[in-house]
Amino acid sequence: ANMHRGELAVDLGGETVTLRLDFTALAAIEQALEKGLLALAQKFASADFGLKEMAIVLREALKAASGVEKTLEEIGQAIVKDGVATHVDT
């Protein structure tokens, strides 16, 4: 993952994937969750979100970073199975 491009490597369902939130991803997340960016930031900062909301964010960030398109079901199952862990590059 290229931190200078705003990318983050995470383990998702036993697979390392790269995520990035660009304009297109953020706009898609706003539309899917029917909330503006500030309201979403506050919601996630307070840990007040569900599995579907997390899956939507991960789906759009994955698509923006690598062009990989997974369904909400695939992402949700991966989260339930193994969770999500962040890679920290040193």
Side-chain angles (χ1 to χ4, degrees):
N2 184 341
M3 291 176 54
H4 299 290
R5 292 187 61 201
E7 294 177 347
L8 176 67
V10 300
D11 282 335
L12 177 62
E15 174 185 3
T16 300
V17 297
T18 301
L19 307 176
R20 182 177 73 237
L21 292 174
D22 63 6
F23 174 80
T24 303
L26 291 169
I29 293 165
E30 285 180 329
Q31 183 177 20
L33 297 178
E34 299 179 341
K35 292 186 186 299
L37 189 56
L38 181 57
L40 289 170
Q42 291 170 336
K43 185 174 186 66
F44 279 87
S46 67
D48 179 27
F49 55 90
L51 178 60
K52 182 177 179 181
E53 293 162 318
M54 183 188 303
I56 288 169
V57 171
L58 292 173
R59 177 186 65 189
E60 297 304 330
L62 177 63
K63 184 176 169 183
S66 61
V68 173
E69 294 193 41
K70 293 193 177 211
T71 66
L72 288 180
E73 176 73 18
E74 290 171 318
I75 292 174
Q77 290 299 334
I79 293 168
V80 169
K81 179 179 178 245
D82 293 319
V84 178
T86 306
H87 283 266
V88 179
D89 294 341
T90 56

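For this chain, numbers begin at 1 and follow the sequence in order.
Looking at Val68 and Lys70, their side chains come closer than 4.5 Å, going by heavy atoms from C-beta outward. Contact check for Thr18 versus Leu8: no side-chain heavy atoms found under the 4.5 Å cut-off. When side chains are defined from C-beta on, Leu51 counts as touching Val80, because their heavy atoms get closer than 4.5 Å. Side-chain contact between Leu26 and Asp22 is absent, with no heavy atoms from C-beta onward closer than 4.5 Å.
A donor-acceptor distance shorter than 3.5 angstrom exists from the side chain of Arg20 to the backbone of Ala64, with no hydrogens or angles considered. Of the possible donor and acceptor atoms, one in the side chain of Glu53 sits under 3.5 Å from a partner among the backbone N and O of Gly50.
In this structure, Glu60 and Ala25 approach most closely via the heavy-atom pair O-CB, 3.6 Å.
Other residues, nucleotides and ligands contribute only 12 or fewer heavy atoms inside 6.0 Å of the NZ atom of Lys52. When the shell of 6.0 Å around CD of Glu74 is examined, it contains more than 12 heavy atoms from other residues, nucleotides or ligands.
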Which is it for Glu7 and Leu19 under the side-chain contact (heavy atoms from CB on, under 4.5 Å) test, yes or no, and what are the steps along the way?
CA-CA 5 Å; Glu7 294 177 347; Leu19 307 176; over 6 Å; no
Apply side-chain contact (heavy atoms from CB on, under 4.5 Å) to residues Leu40 and Phe49 and explain how you reach the verdict.
CA-CA 9 Å; Leu40 289 170; Phe49 55 90; over 6 Å; no
Tell me, with the steps shown, if Arg59 and Glu69 meet side-chain contact (heavy atoms from CB on, under 4.5 Å).
CA-CA 7 Å; Arg59 177 186 65 189; Glu69 294 193 41; over 6 Å; no
Working note: Ile75 + Ile56, criterion side-chain contact (heavy atoms from CB on, under 4.5 Å); need CA distance, chi angles, decisive distance, verdict.
CA-CA 8 Å; Ile75 292 174; Ile56 288 169; over 6 Å; no
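Only one option out of Val17, Asp11, Leu12 pairs with Glu15 in a side chain to side chain contact (heavy atoms under 4.5 Å, CB included); it is Val17.
Rounded to the nearest 0.5 angstrom, Thr71 OG1 and Gln77 CD are separated by 9.0 Å.
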